[in-house]
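Quick one: the structure is below, and I'll ask about it shortly.
Nothing here was measured: the structure is a model prediction, and the numbers come from that model. Residue numbers start from 1 in every chain, and the chains themselves are labelled A, B, ... in the order their sequence lines are given, proteins ahead of strands.
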Number of protein chains: 2
Amino acid sequence: MSPRRSAGPTLKDVAAIAGVSYRTVSNVISGKAPVSASTRARVEAAVAELDYRPQLAARQLRVGRSNLLTLSVPFLSLPYFAQLAHAVVTAAEAVGYDVVVDETHGDPERELRAASGYRTLLSDGILLSAMSIGDEELMAARGRTPLVVLGERIRAARVDRVVVDSVTSTRDATAHLIAAGRRTLGFLGTVPDASSGAAAADLRLEGFRTALRAAGLEADPRHLLEVSPWDQRSPDGDYSREEGHARVRALLAGPDGLAGLDGLVCANDLLAIGALRALREAGVEVPGRVAVVGWDDAPESAYTVPPLTSIAPDLGELARLAVASVLRLVDDPDSPPRVEQAPYRLVPRASAPPASTSSAGQLVP
Amino acid sequence: MSPRRSAGPTLKDVAAIAGVSYRTVSNVISGKAPVSASTRARVEAAVAELDYRPQLAARQLRVGRSNLLTLSVPFLSLPYFAQLAHAVVTAAEAVGYDVVVDETHGDPERELRAASGYRTLLSDGILLSAMSIGDEELMAARGRTPLVVLGERIRAARVDRVVVDSVTSTRDATAHLIAAGRRTLGFLGTVPDASSGAAAADLRLEGFRTALRAAGLEADPRHLLEVSPWDQRSPDGDYSREEGHARVRALLAGPDGLAGLDGLVCANDLLAIGALRALREAGVEVPGRVAVVGWDDAPESAYTVPPLTSIAPDLGELARLAVASVLRLVDDPDSPPRVEQAPYRLVPRASAPPASTSSAGQLVP
DNA sequence: GACCCGGGTTTCAACGTTGAAATCACGGGA
DNA sequence: TCCCGTGATTTCAACGTTGAAACCCGGGTC
């Protein structure tokens, strides 16, 4: 079969109608070279008549850029990644880029494929939110395509990264509970497999411990709630509402019950939402008996019962920094790797009200 | 500046190392022509050594396809569209396609741009979830790129569409309430601007009315709750939790209060979630006093208080049908337009339990 | 021994665009 | 009058890939 007649007019077709050379049409479109008003008008008329659109593939082949970025996330269906994708698409659009979304499902092979640029060579840069792979694997797999890693799972110094500080943010969230008078704190979302290394959840646990230490407190090991090991077959991964629900229910059903627990720090909002349900089902008052904080500030967290106090990462800023970083690499591939921080803030709501209104538990939207 | 040396090896580089012509390397890679085992081995070694990746732009230019689809949605951050994007990416991947995600923010201009294929000529087809534009505008704007419309806003016969039947599904949801003994029903999500035409919400209202008629009932106009007119500046659009909350709160604060309302059908889950909060704040028991149903079956709807009964569209099937349709158009641009239906089901939960357990209101995950 | 067959490989040209450089038209200054 | 310069336009080549067709060569066949 001969090359598909892609059914679109080309510069030459427009040129024939306008009675100029096709290069002049190109000049009109790109605006790079001066064109007289009269020919410009003729060309524009012809463009309109044929409904001409430039063939981006040809342009890319010629100039070496596609104005396309690839965003690779584990699951688009999780609120955090949906918000992230939204932020990235918006930030990319502001600088004239489109975004190809790739879902890895947390599959290490697919993350490596994403890092290497496979099936994506036509994209100018990659933003990778890794979930399963580690530093060495990433460094081994990465190709020539500019790469920026989102999140703290990867810690290698040799890659550009944009992160939100999990340790200090979770420390702040924990300190918020302590300031409100909570003394027996738990953490939901520790990871069983120590070998997996620097997952964000580990850093959040570290932040939790840091805050406890600073207050001269210690966590009861019974209150460090593991989540199930990562399972690809699960549609949503392990940091899910279901998992939070199951783990807290298990705690409540255990021999010691709450065992005095009066504050629960969750590795993310979904776990917290599951926890809220388990506590509610068991008749445990939140925040009366147990205060709960999450991490993400998912949109739904303002509408839980009670509304969830959470750490809100500035995803807009995160996305802008990431897009800026990857474009810097596109311009200068030898630019030294940077690590940038996106800000966050603590959003106090009724599930863990600030000290002054600790007992009131009034609803804060 | 001369064309960016895109820093990648080409077929020729590989050929030079393997000691064959570059066409042979192409043969090895595409597998189209027979290659002897020995040269294949040499070529593969060279490919590995250079870490060669085909330049998709060049391939596309030559063969006229990019293996890229564009998905255009209003807001990736809304659960429905996040789920939809997830489903589309998955369905596209299964047939070897990647997906570019475009966010229109419900802006009519951007929807038209998406329909026309602007900035997207390198994509083989477009899946458009329209929110603001109507039939004529769409037909006028569409370009040569194969286009499939998702959802029922567009009703033009001349476009391929994949829909979930809003009328019958909402009729079913309403009938579910009626079967459970509810007699004074309301609808949350009517649209003020009648000129906007066949938005999904109108069809859902129609389904609501159909079910009432079939049962010999009629809706009190006070119980038809409008949502604010569409406003682009709003980050989430009008079918939001906030809007649901505000509208139901306004009803409760009005002169007649609930006025006997014992069942509320919502145009989508977010509105329903906002409604649940307003009812809870006012101390109105759900489902005791008012039963609530939504539409979408957002993931969070299983975790609201009480869990939300909802219509669950089969987005996986919707996405598969849409991808199949658009690829059919890619193969045969003259293929006559089709309208396909994706299935849905009613997911009963505690906010509107089925007839048998209507009074119990037990939690169903 | 000339001929054909077919697997394996190569040559050629083209996809539509843009950087670079050549060409052209024309008005102003020497 | 001739030349220069500048703006406008055109010619040329190349980006990396693949369809089409030519080529090469060893093994049958008559």
Side-chain angles (χ1 to χ4, degrees), chain A residues 1-16 18-44 46-47 50-67 117 119 121-124 144, chain B residues 1-16 18-44 46-47 50-67 117 119 121-124 144:
Chain A
M1 181 176 60
S2 83
R4 259 185 76 74
R5 182 83 197 114
S6 36
T10 74
L11 284 178
K12 290 180 182 165
D13 301 322
V14 176
V20 295
S21 82
Y22 65 93
R23 192 56 176 84
T24 297
V25 178
S26 172
N27 286 338
V28 170
I29 288 166
S30 69
K32 292 276 182 180
V35 177
S36 75
S38 63
T39 52
R40 154 163 288 119
R42 280 211 317 286
V43 168
E44 279 169 351
V47 164
L50 290 181
D51 193 23
Y52 165 82
R53 315 280 168 76
Q55 204 94 328
L56 296 194
R59 179 178 294 171
Q60 181 196 356
L61 178 59
R62 185 64 239 257
V63 305
R65 295 209 188 167
S66 60
N67 274 36
R119 274 193 70 60
L121 242 215
L122 97 180
S123 109
D124 292 348
R144 280 171 296 272
Chain B
M1 180 176 61
S2 84
R4 262 185 75 76
R5 182 84 197 112
S6 37
T10 75
L11 285 179
K12 291 181 183 165
D13 300 322
V14 176
V20 294
S21 82
Y22 65 92
R23 191 58 177 84
T24 297
V25 178
S26 172
N27 287 336
V28 170
I29 287 166
S30 68
K32 292 275 181 180
V35 177
S36 76
S38 63
T39 52
R40 155 163 289 120
R42 280 212 316 286
V43 168
E44 280 170 351
V47 165
L50 290 180
D51 193 22
Y52 165 81
R53 315 279 169 77
Q55 205 95 328
L56 296 194
R59 178 179 295 172
Q60 181 197 355
L61 178 58
R62 185 63 238 257
V63 304
R65 295 208 188 169
S66 60
N67 275 37
R119 276 192 68 59
L121 242 215
L122 97 182
S123 110
D124 292 346
R144 279 171 297 272

When you get a sec, tell me which of C:dT9, D:dG19, C:dT17 is the closest nucleotide to the side chain of A:K12?
-> C:dT17
Would you mind telling me which of D:dA8, C:dT18, C:dA14 lies closest to the side-chain atoms of A:L11?
-> C:dT18
Passes side-chain contact (heavy atoms from CB on, under 4.5 Å), B:T10 versus B:D13? Steps please.
-> CA-CA 5 Å; B:T10 75; B:D13 300 322; 3.6 Å; yes
What nucleotide, of C:dG8, C:dT9, C:dT17, holds the atom closest to the side chain of B:A33?
-> C:dT9
What about B:R59: does its side chain form a donor-acceptor pair under 3.5 Å with the base of D:dT17?
-> no
Using atom NZ of B:K32 as one end and atom C1' of D:dT17 as the other, report the distance to the nearest whole Å.
-> 14 Å
B:R144 side chain to A:P9 main-chain N or O, any donor-acceptor pair under 3.5 Å?
->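 The answer is no, because no donor-acceptor pair under 3.5 Å joins these two groups.
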How long is the gap from CG on B:L61 to CD on B:Q55, to the nearest 0.5 Å?
->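 Between atom CG of B:L61 and atom CD of B:Q55 there are 11.5 Å.
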Between atom CZ in B:R42 and atom P in C:dG8, what is the gap in whole Å?
-> 14 Å
Which nucleotide in the set D:dT9, D:dG16, D:dT18 lies at the smallest distance from any side-chain heavy atom of A:S36?
->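 Shortest atom-to-atom distance from the side chain points to D:dT9.
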Nearest heavy-atom pair of B:V35 and B:R40: which atoms, and what distance?
-> O-NH1, 3.6 Å
B:L11 side, atom CG; B:L50 side, atom CG - distance, nearest 0.5 Å = 11.0 Å
Separation of A:Q60 atom CD from D:dG16 atom P, in whole Å?
-> 11 Å
Residues in contact with DNA chain D, drawn from residues 18-28 of chain A - heavy-atom cutoff 4.0 Å =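 By residue number: A:V20, A:S21, A:Y22, A:R23, A:T24, A:N27.
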May I have the distance from A:Q55 (atom CD) to C:dC15 (atom C1'), rounded to whole angstrom?
->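 Nearest whole value for this atom pair: 9 Å.
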Mapping B:I29 and A:A37 to their closest nucleotides on DNA chain D, which lands nearer the 5' end?
-> A:A37
Separation of atom CZ in B:R65 from atom P in D:dG19, rounded to whole Å |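 Nearest whole value for this atom pair: 12 Å.
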Going by atom types only, do A:R23 and A:S26 share a side-chain donor-acceptor pair under 3.5 Å?
-> yes
Heavy atoms under 4.0 Å, any strand shown: does B:S30 hit a base, just sugar-phosphate, or nothing?
->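 Answer is nothing: B:S30 stays at 4.0 Å or more from every strand.
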Length of the line joining A:R40:CZ and D:dA8:P, which is rounded to integer Å |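 Value for this atom pair: 9 Å.
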Nearest-0.5 Å distance, CG of residue B:N67 to OG of residue B:S123 |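 It is 11.0 Å, given to the nearest 0.5 Å.
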What is the distance, rounded to the nearest whole Å, between atom CG of B:L56 and atom P of D:dC15?
-> 18 Å
In whole angstroms, the gap separating C1' of C:dG16 from CG of A:L61 amounts to 9 Å
